[in-house]
Amino acid sequence: MDDETVELIERRRIAQEEEKRKWGDAWKDTGRIFTEENGSLLDPGRISDLFDRLVAEADLPPIRLHDLRHGAATLMIAAGVDIKVVSETLGHSDSRITRDIYQSVLDDLAHAAAAAVVKLVPRAPRAIRVAIERHATQPAPAINVAPGCTCTCSCGAAEREALTA
């Protein structure tokens, strides 16, 4: 975890110690950090309802609490986090499950990586490429053709005696 998250969890743990002291023997020790005031487990339905209200109050587009899980996984993959770490974070039993679910993200990242590499390769300006292409399509004139020579290259036959068959 990053330092800020660790600090926030530590503050929550300290606040929870205070709650535990207030509740005394009625405290339910679940071993969890995020609990009800008395230490009991949070009700998932209540958390989802609270999340929905917060989203509506903030005038955000509709999103489910569970969608944050997918968003977090997508951000981890986009940040270059190893797929095994993403898989373990999500609690998947096998990283293949994570790959199967997020394959389109991985494909997009592969495409983006290829595009980034292409940007690093210097390219000739368009005018130079056009001139090279035009030159390549024109037939080359014969160079140094000697009498009796059948080649049309720069073989040096003009400086030597005529070739005989």
Side-chain angles (χ1 to χ4, degrees), residues 1-140:
M1 289 186 280
D2 64 281
D3 293 340
E4 185 178 359
T5 303
V6 170
E7 182 183 327
L8 290 170
I9 289 174
E10 180 60 19
R11 281 196 268 168
R12 173 62 192 135
R13 190 193 60 73
I14 292 168
Q16 190 178 49
E17 287 297 321
E18 177 63 22
E19 291 168 352
K20 185 176 184 178
R21 190 186 58 71
K22 285 180 187 175
W23 281 84
D25 291 340
W27 174 262
K28 297 184 179 168
D29 192 1
T30 60
R32 304 291 174 111
I33 297 171
F34 299 98
T35 62
E36 297 292 345
E37 286 180 357
N38 67 350
S40 63
L41 296 175
L42 294 170
D43 176 27
R46 282 187 39 203
I47 299 301
S48 291
D49 290 344
L50 173 61
F51 180 79
D52 292 343
R53 284 195 308 274
L54 292 172
V55 166
E57 287 174 20
D59 199 28
L60 294 171
I63 185 171
R64 299 172 304 146
L65 182 59
H66 182 78
D67 295 335
L68 296 181
R69 173 183 169 87
H70 295 300
T74 301
L75 289 173
M76 285 191 291
I77 292 168
V81 175
D82 184 85
I83 196 72
K84 180 72 172 156
V85 173
V86 176
S87 180
E88 289 172 2
T89 300
L90 296 173
H92 292 160
S93 59
D94 192 309
S95 61
R96 287 179 291 191
I97 295 168
T98 311
R99 278 189 187 85
D100 289 347
I101 293 171
Y102 297 99
Q103 187 61 52
S104 64
V105 175
L106 295 169
D107 291 344
D108 289 347
L109 289 175
H111 177 76
V117 169
V118 167
K119 286 181 182 178
L120 294 175
V121 177
R123 296 194 181 260
R126 189 177 185 323
I128 294 173
R129 288 195 319 266
V130 169
I132 291 169
E133 289 167 4
R134 190 175 327 118
H135 180 75
T137 59
Q138 294 175 352

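Within the model, atoms CD1 of Ile97 and CG of Leu90 stand 10.5 Å from one another, a figure rounded to the nearest 0.5 Å. Atom NZ of Lys20 is separated from atom CG of Asp29 by 5.0 Å, given to the nearest 0.5 angstrom. Distance CE/Met76 to CG/Asp82: 11.0 Å, rounded to 0.5 Å. The line from CD1 of Ile33 to CG of Leu8 is 11.5 Å long, rounded to the nearest 0.5 Å. Here CD1 of Ile14 is found 9.0 Å from CD of Glu17. Values are rounded to the nearest 0.5 Å. Going from atom NE2 of His92 over to atom CZ of Arg99 covers 12.5 Å, rounded to the nearest 0.5 Å.
Residues that satisfy the salt bridge (charged side-chain N to carboxylate O under 4.0 Å, His left out) test with Asp94, not counting sequence neighbours, are Arg96. Under the salt bridge (charged side-chain N to carboxylate O under 4.0 Å, His left out) criterion, Lys28 pairs with no residue at all, not counting sequence neighbours. For Ser40, the side chain to side chain donor-acceptor pair (under 3.5 Å) test picks out Asn38, with sequence neighbours left out. Listed by chain and number, the residues in a ring-ring contact (aromatic ring centres under 6.0 Å, His included) with His111 amount to none (sequence neighbours excluded). The side chain to side chain donor-acceptor pair (under 3.5 Å) test applied to Arg13 returns Glu10, not counting sequence neighbours.
In summary, Glu19 and Lys22 do not engage in a salt bridge, as defined by a charged side-chain N under 4.0 Å from a carboxylate O.
In this structure the side chain of Leu68 reaches within 4.5 angstrom of the side chain of Phe51, judged on heavy atoms. You'll find the side chain of Phe34 stays beyond 4.5 Å of the side chain of Ile47, heavy atoms only.
Side chain of Thr89 to main chain of Val85: a donor-acceptor pair is present (N/O by atom type, distance under 3.5 Å, no hydrogens or angles). No donor-acceptor pair closer than 3.5 Å links the side chain of Arg32 to the backbone N or O of Leu41.
Between Arg69 and Tyr102, the closest heavy-atom pair is O-OH, 4.3 Å. Nearest heavy atoms, Ser48 versus Leu65: OG-CD2, 4.0 Å.
Taking a 6.0 Å sphere around CD of Glu18, one finds it holds more than 12 heavy atoms contributed by other residues, nucleotides or ligands.
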Determine, stepwise, if the pair Thr35 / Arg12 fulfils side-chain contact (heavy atoms from CB on, under 4.5 Å). CA-CA 10 Å; Thr35 62; Arg12 173 62 192 135; 3.8 Å; yes
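A donor-acceptor contact closer than 3.5 angstrom is absent between the side chains of Ser87 and Ser95.
Residue pairs meeting the salt bridge (Lys or Arg N to Asp or Glu O under 4.0 Å) criterion with at least one partner in residues 34-45, sequence neighbours excluded, are Glu36-Arg46.
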